[in-house]
Visitor: 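Would you mind keeping the following structure in view while I ask a few things?
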Amino acid sequence: MSRSLPRPSRLPNAREAATATAAALALALVLGLFVKVADLLAERHAGLLDNTVFDEAVEHRGPLLTAFMEAVSTAAEIPLLATAALVALTFAWRTRSWRPVIVTAVAAALLLARRARSRTGATTWGITALALSALVAASRVYLGVHWATDVTAGLALGAAAALAFITIDLGYGLWARRHGTPPQAAATHP
């Protein structure tokens, strides 16, 4: 008598598996960037890069661009954080879970992209989040509030945290489907 292995109730979606793998690879890349910046700082070579970028920013300052960068920098502090908190609380209320609030601490775009009705919508949210992050980072360097290496390290660390949450979220969804647990039911447990 032949003995066969039990089949999983549901096989993972290949696209989700590929996305989780891509997120994990991107996580490794941004952690590598963070390590490289840390190495520059440890070897005391960051000053050359920071001073060069700062000098370029000062050379290209103008009243209109400075006013725009100040507005971006200010908007990134209170209004952007308040908006992210409101989005997180809305999704937490709808899903009856604190998970969206936790994830929003590093990745508001993840919530919006995962709830988008199309791949184009999800991509738009992701690109918008990246563009806004880059703009805020550029405004901080332009205004002389932070050094370029500090901003780069912060972006890399923030991206690493967001990608870690994305990878965990996608991986958990794949695991839950493979083991017969509906992701929605599993997601409601903290």
Side-chain angles (χ1 to χ4, degrees), residues 19 22-91 100-116 118-169:
T19 303
L25 289 173
L27 173 60
L29 286 173
V30 296
L31 285 175
L33 175 61
F34 180 78
V35 168
K36 183 60 181 170
V37 172
D39 184 52
L40 280 173
L41 291 168
E43 296 295 323
R44 302 188 190 275
H45 297 299
L48 179 62
L49 176 66
D50 285 334
N51 288 327
T52 303
V53 171
F54 180 74
D55 290 344
E56 282 295 315
V58 169
E59 185 178 319
H60 292 91
R61 282 187 185 154
L64 250 68
L65 187 55
T66 299
F68 175 73
M69 290 298 199
E70 286 173 348
V72 166
S73 189
T74 301
E77 293 171 1
I78 305 294
L80 187 60
L81 293 175
T83 302
L86 182 61
V87 167
L89 291 172
T90 300
F91 284 118
V101 175
I102 294 166
V103 172
T104 300
V106 294
L110 167 66
L111 289 171
L112 296 169
R114 299 276 291 171
R115 303 306 190 271
S118 68
R119 193 180 311 176
T120 303
T123 301
T124 300
W125 281 115
I127 290 171
T128 300
L130 290 173
L132 288 174
S133 296
L135 183 60
V136 170
S139 76
R140 301 297 186 157
V141 172
Y142 176 86
L143 294 170
V145 178
H146 293 288
W147 293 112
T149 52
D150 295 341
V151 169
T152 303
L155 283 172
L157 200 54
L163 287 165
F165 278 115
I166 290 168
T167 303
I168 290 167
D169 188 49

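Because only heavy atoms are used, hydrogens play no part in the values below, and waters and symmetry mates are left out as well, while side chains stay in.
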Visitor: What closest approach, in Å, do L163 and V30 show between heavy atoms, and which atom pair accounts for it?
Guide: CD1-CG2, 3.9 Å
Visitor: Using every non-hydrogen atom in the two residues, find where L65 and H60 come nearest and quote the distance to one decimal.
Guide: CD2-O, 4.1 Å
Visitor: A24 and T167: which non-hydrogen atoms are nearest, and at how many Å?
Guide: N-OG1, 3.5 Å
Visitor: For residues 128-140, pull every pair meeting side-chain hydrogen bond (donor to acceptor under 3.5 Å, both in side chains), keeping only residues two or more places apart or in separate chains.
Guide: S73-R140
Visitor: Once side-chain hydrogen bond (donor to acceptor under 3.5 Å, both in side chains) is applied, what residue pairs with a partner in residues 141-156 remain, sequence neighbours excluded?
Guide: D50-T149, T66-Y142
Visitor: Taking all atoms of both residues into account, what is the closest heavy-atom pair of F34 and A153, and its distance?
Guide: CD1-O, 3.5 Å
Visitor: Restricting to pairs with a member in residues 128-137, which pass salt bridge (charged side-chain N to carboxylate O under 4.0 Å, His left out), not counting sequence neighbours?
Guide: none
Visitor: Run the side chain to side chain contact (heavy atoms under 4.5 Å, CB included) check on E56 and V53 step by step: do they pass?
Guide: CA-CA 5 Å; E56 282 295 315; V53 171; 5.7 Å; no
Visitor: Tell me the closest heavy-atom pair linking R61 and G144, and the distance in Å.
Guide: NH2-N, 3.6 Å
Visitor: How close do L31 and A160 get, counting heavy atoms only, and between which atoms?
Guide: CD2-CB, 3.6 Å
Visitor: Would you compute the distance between atom CG of L33 and atom CG of L29 and round it to the nearest 0.5 angstrom?
Guide: 9.0 Å
